[in-house]
Number of protein chains: 2
Amino acid sequence: MEQRQRTETRILTAARRLFGEHGYDRTTIRAIAFEAGSDAGLVMRYFGSKEKLFAQAAATPADGPIEGSPEQIAELLTVALTEKLADEPGAALAALRAMFSYPEAADEVRAAMTGQQRQIAAQLPGDDALLRSGVIGALTLGLVIGRHLVRLDGLDASPEELMAVAGPLIEELVTTNGRRDTPPRSRRPVSGPTPD
Amino acid sequence: MEQRQRTETRILTAARRLFGEHGYDRTTIRAIAFEAGSDAGLVMRYFGSKEKLFAQAAATPADGPIEGSPEQIAELLTVALTEKLADEPGAALAALRAMFSYPEAADEVRAAMTGQQRQIAAQLPGDDALLRSGVIGALTLGLVIGRHLVRLDGLDASPEELMAVAGPLIEELVTTNGRRDTPPRSRRPVSGPTPD
DNA sequence: CCCCTCGGTCAACAGACGTAGACTGAGGGA
DNA sequence: TCCCTCAGTCTACGTCTGTTGACCGAGGGG
């Protein structure tokens, strides 16, 4: 019957929690089965292998497309980031944590992020668009990891408070017009020994 | 003689490289010993345990104090970040990668980062200083991880190019006067629809 | 000569892991 | 009644890991 589906769901839920909390290597199939009130052999039977279980548990629907004018892009990015900062991303958290010890997960996350970045960069003005979209990605990565994984000080505020600080940065990254003919009143970053 | 010291150094170098590349769990003592042209038993004899070996390999001298006026703080942060973005941080990279699967490493890194953040926050104006220093930490984390660990698109530029984009963000985070009575000079050439 | 230290090697142990496969027991058509 | 399916359990195998302890060869006092 659908008894099987209920068991699979319990296993997936347990897997997400444990993968997200302890990473790929430290999470054993036995532990997942125990938390799901089940058995390691059954997990193998249902999901085939630990890798496949992880793939299903960490599968994340991926954000919708980010497109439009720079202002719209900034808006979409802000909304997406706010969601990511909301409580417990579940599958995404597992993928992020595993990323650093389980190469396949890293490739998947990187592919998703770079795909979105290229898409954004193509719509930004300026010839350093890719670089700026990379910094946007880095800021996103840092905020999500810093909040959920590292629990940095000061990042435990509400998503709205966080975005009140981070939002303007994204706006600036998106709307700044590439070449710095008119530098934004920046007082020279460090010394400038022409790097090349 | 100092033959022992040379062997210890070779082991530590190999350990840093492997811990940084594969993380804590996936790096075996045997692999470290092999790369160092040595033996697993000897590694145990010299360092006591895998944990202690990691502690020595991932020990990072920690940045100097960040203090002064907001402009000086921005300058110091920029310099520190530029260094972190330069090639192969070695020990720091190992600590960062291990952070997500080896809790002790996570605690150490978090302690170092939050310590520095609090120090910075205490010198920033505004009542959301801690939050802003948290975002600075997130940006730093995201840039270093995005560049060295995830290899995000667009972050493979030179540290100087990266800082040309990220520097102004740090400046803004440091100098913005907390309460947004005076909105930051982020010129928005387009409409500025207050999102909220 | 013996003996002792010390850098280094080797073989083995105990535990944990992913995985495979045999087993149980209920349920429901023929 | 028999028999088949299917969710779930239990045991075992092979491998890999950190760690231990016995062993070996060189070298320099006594």
* OP1 or OP2 of D/dG8 sitting under 4.0 Å from any side-chain N/O of A/Q3? -> yes

d(B/T9 OG1, B/R4 CZ) to nearest 0.5 Å is 11.5 Å

When rounded to whole Å, the CZ to P distance for the pair B/R4 and C/dT5 reads 16 Å

B/A166 and B/L143 have their tightest heavy-atom pair at CB-CD1, 3.8 Å

For B/I11 and B/S38 the tightest heavy-atom approach is CD1-OG, 4.5 Å

inquiry  = Other residues, nucleotides and ligands only: do more than 12 of their heavy atoms fall within 6.0 Å of CD on A/E108?
reply    = no

- Task: Report yes if the side chains of A/K50 and A/Y24 come closer than 4.5 Å at any heavy-atom pair, otherwise no.
- Result: yes

Secondary structure of DNA chain D per the Watson-Crick/G-U criterion (both distances under 3.5 Å; [ ] crossing, | other strand, . unpaired) is ||||||||||||||||||||||||||||||

Rounded to whole Å, CZ of A/F54 lies from C1' of C/dT19 at a distance of 19 Å

Heavy atoms of A/A121 and A/A129 approach each other most closely as O-CB, 3.5 Å

Here the distance between atom P of C/dG18 and atom NZ of A/K52, to the nearest Å, is 16 Å

The nucleotide from C/dG7, D/dT19, C/dT19 with an atom nearest the side chain of B/K50 is D/dT19

Q.
Classify the ring geometry of A/F19 against A/F54: parallel below 30°, tilted from 30° to 60°, perpendicular beyond 60°.
A. perpendicular

What contact category does A/Y46 fall into here, base, sugar-phosphate, or nothing, at under 4.0 angstrom with non-hydrogen atoms? sugar-phosphate

Here the residues of residues 22-45 of chain B within 4.0 Å heavy-atom distance, strictly under, of DNA chain D are B/T27, B/T28, B/I29, B/R30, B/M44

Here the distance between atom C1' of D/dT19 and atom CD of B/E51, to the nearest Å, is 13 Å

What one should report as the nearest heavy-atom pair of B/T82 and B/M163 is OG1-CG, 3.3 Å

When B/G48 and A/R10 are each assigned the nearest nucleotide of DNA chain D, the 5'-most assignment goes to A/R10

Shortest non-hydrogen pair, A/E35 vs A/A14, comes out as CG-CB, 3.6 Å

